[in-house]
Every structure is written in structure tokens, then in C-alpha cells.
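All values below come from the heavy atoms of this structure, side chains included, with hydrogens, waters and symmetry mates left out. Letters A, B, ... mirror the listed sequences (proteins, then strands); counts begin at 1.
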There are 2 protein chains.
Amino acid sequence: MKEAKISPSVVRRLPIYLRHVQDLLDAGIDTVSSKEMGAKLDLNPAQIRKDLAYFGEFGRKGVGYEVEYLARKLEQILHLDQQIRVALVGVGHLGMALSNYTRFQNERITIAGLYDQDPKKMNMQVGKLRVKPLLKIEEDAKTIGFQIGIIAVPAFSAQEVCDVMIRCGIRVILNFAPSSLKVPANIHVRSTDMTTELQSLAYYISE
Amino acid sequence: MKEAKISPSVVRRLPIYLRHVQDLLDAGIDTVSSKEMGAKLDLNPAQIRKDLAYFGEFGRKGVGYEVEYLARKLEQILHLDQQIRVALVGVGHLGMALSNYTRFQNERITIAGLYDQDPKKMNMQVGKLRVKPLLKIEEDAKTIGFQIGIIAVPAFSAQEVCDVMIRCGIRVILNFAPSSLKVPANIHVRSTDMTTELQSLAYYISE
DNA sequence: TAGATTGTTAATCGATTAACAATC
DNA sequence: TAGATTGTTAATCGATTAACAATC
């Protein structure tokens, strides 16, 4: 399943395809063409076909894609057919939003550890978990085995948290702090933050 | 200030430049080169120069960019030198995170209206604001004049909220719901959601 | 002046879209 | 069979990077 080298732009569209075919599945539709998907998702049909073709021949000429099969394949590609355990550091408002947002992917993605540096938050109960000190993450990582780390702390401590995660063996990180993280080449980081999004949108307002 | 046609990729980097020069300003540094910025932000110096050059000649050959001047210019370009009033619909965990996240850009970006459809949340106090029914947004829009709308509701009602915002005269929308919104050509929408981000990252985990 | 760094043009790289043979 | 739609190659478009004259 390790394909040539799929571009990030392609990978970022896969969950969108998956979500759509899951909706179709729920609606009892069992076949869909790239043209129909494109219309719904506002994407070029050729792009959808090309994206999917990187991973195999999922469609049938003259017919389209079998919805259930495509959903299963996309789940496999995204590793969403297996349990994914996430360590979340930073239990502020955003961290809380993420924690209580459990319905990720059929609960296959679960937040399995909550950490913070603020003593006031220690042992705070959030869903089934309790907030622990950041120091505990390394110990927990050994028993739990986190696949993804989420950084939801202020910018000034993001790099520190990132370094701790990497020491824990976490190689995939989602960073919500507005800061550019420095990581070794084998670590995969995606940074996105609400402030930056909002500020860039402000460019488009016409006074 | 309406330049040719700046690509979205360029616009999305502007807040990153701004944040960096603001940090430099705080640190008392008054000149910076594209090379230094590139090293810090992990970007190609030529790209930084080219991005900035779309908007004017902000640097001095042989010297670099004057930090304070550049910060002021970037604020102007992003309209962050004027008050920006935001309408936020959906006061769930994410909406709360956004509301309490007031320190956007020197408070120049302010959430000026909070709306929800859940009767249980009506009149709830969040910071200086009270949650109002979605229906009230149109009336408020006339007096307040929102420049940006933020959608923080579940996917199934995102399109509806979007339509209401457009009817209010809002032309710039930030959508946190996992759904592809249909809007007229003159409306600017940016969609980003945590589930999709996390799912696409799952691609990179190696079992 | 010599060294540094910009703004900008040209070259490269990558991503999207069009076109179409294969085939269901 | 005729019509539809895939998978894929080629063409296009756009974004990034390299190179360098201008100049501080």
C-alpha cells in the first residue's frame, strides 16, 4: 500500500471523497460517477478520477464507482479502518472543542490522552479522560502508543510540545498554534490556525 | 489598493509574514532580510520577496525590510488597520473557543454578534455578548455591518446558515463545518474543518 | 568601494484540466 | 449495439525557485 509518492493536495482531498461516499451510502445510493461527485463537491471530474487512480482501479468503465467499495477503499488508504489513538496537548477552549468532538470517523479516531501544563487543569475530567501533566505523555506513549499528536497550546509553547511529542515517537502532528514548527524530515506536521485563516480572509473584505 | 489579481496562496502567506514582523517588532529588531525571514518561516526568500512585491516596493536593496514599515503595510493590505466585525453562528465548543479567542489582531477583529438555533443557548452570556436566535442576524447586520461571517454549526445546517449570511450582505465567510458550500461567484468562502484535517493526516501514519 | 539584498525576469517544477482510447 | 464513463496521456495552467541587474 505504499504508493509512489502522493502529493499533499491529493491526500487532502481523500477525506472529502470519503465523506461524500459515506453520505451516498447512508442515502442508499450504490453507484456514483466522477461527474456526479464533481458537481456535488465542486471539483473537476478528471481530478477525482486521477486522484483515485493513484491507489488502484476502483471504478468500472461506463458505470462509475460502487459506493460501498469506494468507501471501504478510502478508509483503508487513510488508515481509518484501524484504531487511531491521538494525544491532545492543551485543554483550553479549542482543546475542549476537539475532545468533545468524538464523532470523528466512526469513533475509529479517538483522543486517548489529554495533557496540559496548567496546574489548575490537572485531573480535570473531560469525557472519559482526565487531564494529566505534559510530563506524563512520554510514559503513556509507551503503553498507549499514540499515532497522532494534536497541539492546541499557545504559540509560545508549541515548539516545546512538538519536541516532546517527537521524543514520544509520535511522527504525525496537527498543530493549531500559530507558529512554524521545526521538525526532522521524517516527521509529518500540518499547521492550521483560526487566527491566520481569519486574517487572510480579511484581505477579501471591501470597505 | 486593488491589485491585479493576487493568488490565494500568496494571500494565505501574508498573515504569516505579519505575525513574524510583529514578533521582530516586539523584540526590538528594526530591519530584516528575506533570507532571515525565510530561514525562520521555512520559506524560500525569493518567494517572500515576490509575494511582497505584488503590493509595492517595501524593501531597500542591500539593506532589507524596515520591520515597522512592513508591519504597517501588511496590516493595510489585510485591512487589519480598520475595525472588522464578525458574525459567529454556532455557539458549540468550537464557537466558544473562537469567541473567547478575542486576541485576534490587536482586537481589531472583533466578534460582534453570536447566533445559534438551539433554544437552550438563547441569551446565554459569552464575554460581552449574548447569544441570539439566527433570525436576528439579518436585523443586526443592518445596524452593525458585519464584514465576515463564521460558520461553526454542524454540517447539516451549514448551507442554510451560509445562505442567511449572504442575504445579510456578508461577502466573506469562514466555514468550519465539513461541507462544500454553494455560493455565488462574488462571495468568498474558505472552508476548513478539524475532522478533515485529522483524517487526511491519518494517511501518513505507518502502522 | 565592496558586500548585501532587493525587485523582477526566466526557468523549473508541480498540479489541474482536456482529450480520448478502452471497455462496461 | 449505442451510450456512458473510466483510467491515463498530453496539454495547460499556475506556483515556486533560480538567477541577476540594479542599487543601497
Side-chain angles (χ1 to χ4, degrees), chain A residues 3-17 20-21 24 29-74 77 180 190-191 200 203, chain B residues 3-17 20-21 24 29-74 77 180 190-191 200 203:
Chain A
E3 300 78 10
K5 184 66 183 169
I6 309 298
S7 97
S9 340
V10 174
V11 174
R12 307 242 347 253
R13 281 190 293 271
L14 299 178
I16 297 170
Y17 301 149
H20 184 55
V21 294
L24 294 175
I29 293 161
D30 46 38
T31 283
V32 69
S33 70
S34 60
K35 195 177 156 199
E36 290 164 328
M37 288 186 74
K40 202 73 176 177
L41 300 175
D42 233 338
L43 294 171
N44 185 301
Q47 182 170 65
I48 297 176
R49 292 199 299 278
K50 201 160 194 274
D51 285 353
L52 297 175
Y54 284 116
F55 303 95
E57 306 204 352
F58 301 149
R60 290 211 303 161
K61 293 187 173 73
V63 179
Y65 299 89
E66 209 254 288
V67 169
E68 201 181 326
Y69 179 71
L70 184 55
R72 220 166 45 236
K73 279 298 173 185
L74 284 166
I77 294 163
S180 314
R190 160 110 185 121
S191 289
S200 70
Y203 172 80
Chain B
E3 298 79 9
K5 185 66 183 169
I6 308 299
S7 97
S9 339
V10 174
V11 174
R12 306 245 342 258
R13 281 190 293 269
L14 298 178
I16 297 171
Y17 300 150
H20 184 55
V21 292
L24 295 175
I29 294 161
D30 46 37
T31 284
V32 70
S33 71
S34 60
K35 196 178 159 198
E36 290 165 328
M37 288 186 75
K40 201 75 178 176
L41 299 174
D42 231 338
L43 295 171
N44 185 302
Q47 183 170 65
I48 297 176
R49 293 199 299 278
K50 199 161 197 271
D51 285 354
L52 296 176
Y54 283 117
F55 303 96
E57 306 205 353
F58 301 148
R60 291 211 302 162
K61 293 188 173 70
V63 179
Y65 299 90
E66 208 254 287
V67 169
E68 200 180 328
Y69 180 71
L70 184 54
R72 220 164 45 236
K73 278 298 173 185
L74 283 167
I77 294 162
S180 314
R190 161 109 183 120
S191 289
S200 70
Y203 173 80

Asker: Quick one: pull up CZ in A:Phe55 and CD1 in A:Ile77 and give me the separation to the nearest 0.5 Å.
Answerer: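 Taking CZ in A:Phe55 and CD1 in A:Ile77, the distance rounds to 5.0 Å.
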Asker: If you count the non-hydrogen atoms of other residues, nucleotides and ligands that lie under 6.0 Å from CZ in A:Arg60, is the total more than 12?
Answerer: no
Asker: Is the shortest heavy-atom distance from the side chain of B:Leu70 to the side chain of B:Leu52 under 4.5 Å?
Answerer: yes
Asker: Should B:Val21 and B:Tyr65 count as side-chain neighbours, where that means a heavy-atom distance under 4.5 Å?
Answerer: no
Asker: So which heavy atom on B:Thr31 is nearest to which on B:Val63, and how close?
Answerer: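 Taking every non-hydrogen atom into account, CG2-O, 3.6 Å.
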Asker: Just jot down the side chain to side chain donor-acceptor pair (under 3.5 Å) partners of B:Ser34, sequence neighbours excluded, or say none.
Answerer: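 Only B:Arg49 meet the side chain to side chain donor-acceptor pair (under 3.5 Å) criterion with B:Ser34.
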Asker: What base-paired stems does DNA chain D take part in, with at least 3 consecutive Watson-Crick or G-U wobble pairs and both distances under 3.5 Å?
Answerer: C:3-24 with D:3-24
Asker: Take a 6.0 Å sphere around CZ of B:Arg190 and say whether it holds more than 12 heavy atoms from other residues, nucleotides or ligands.
Answerer: yes
Asker: Residues from residues 59-70 of chain A sitting under 4.0 Å of DNA chain D, heavy atoms only?
Answerer: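 Residues of residues 59-70 of chain A under 4.0 Å from DNA chain D: A:Gly59, A:Arg60, A:Lys61, A:Gly62, A:Val63, A:Gly64, A:Tyr65.
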Asker: Using a 4.0 Å cut-off on heavy atoms, which residues in residues 42-50 of chain B reach DNA chain C? List them by number, or say none.
Answerer: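 Nucleic-acid contacts, sorted: B:Arg49, B:Lys50.
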Asker: Contact boundaries of DNA chain C with chain B (under 4.0 Å, heavy atoms), 5' to 3'?
Answerer: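 From 5' to 3', the first and last contacting nucleotides are C:dA4 to C:dT9.
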Asker: So how far is it from B:Asp51 CG to B:Tyr17 OH, rounded to the nearest 0.5 Å?
Answerer: 3.5 Å
Asker: If you look only at distance, which donor and acceptor atoms sit under 3.5 Å apart when one is on a side chain in residues 36-47 of chain A and the other is two or more places apart or in another chain?
Answerer:
{"unit_1": "A:Glu36", "atom_1": "OE1", "unit_2": "A:Ser33", "atom_2": "N", "d": "2.8"}
{"unit_1": "A:Glu36", "atom_1": "OE1", "unit_2": "A:Ser33", "atom_2": "OG", "d": "3.4"}
{"unit_1": "A:Asn44", "atom_1": "OD1", "unit_2": "A:Ala46", "atom_2": "N", "d": "2.7"}

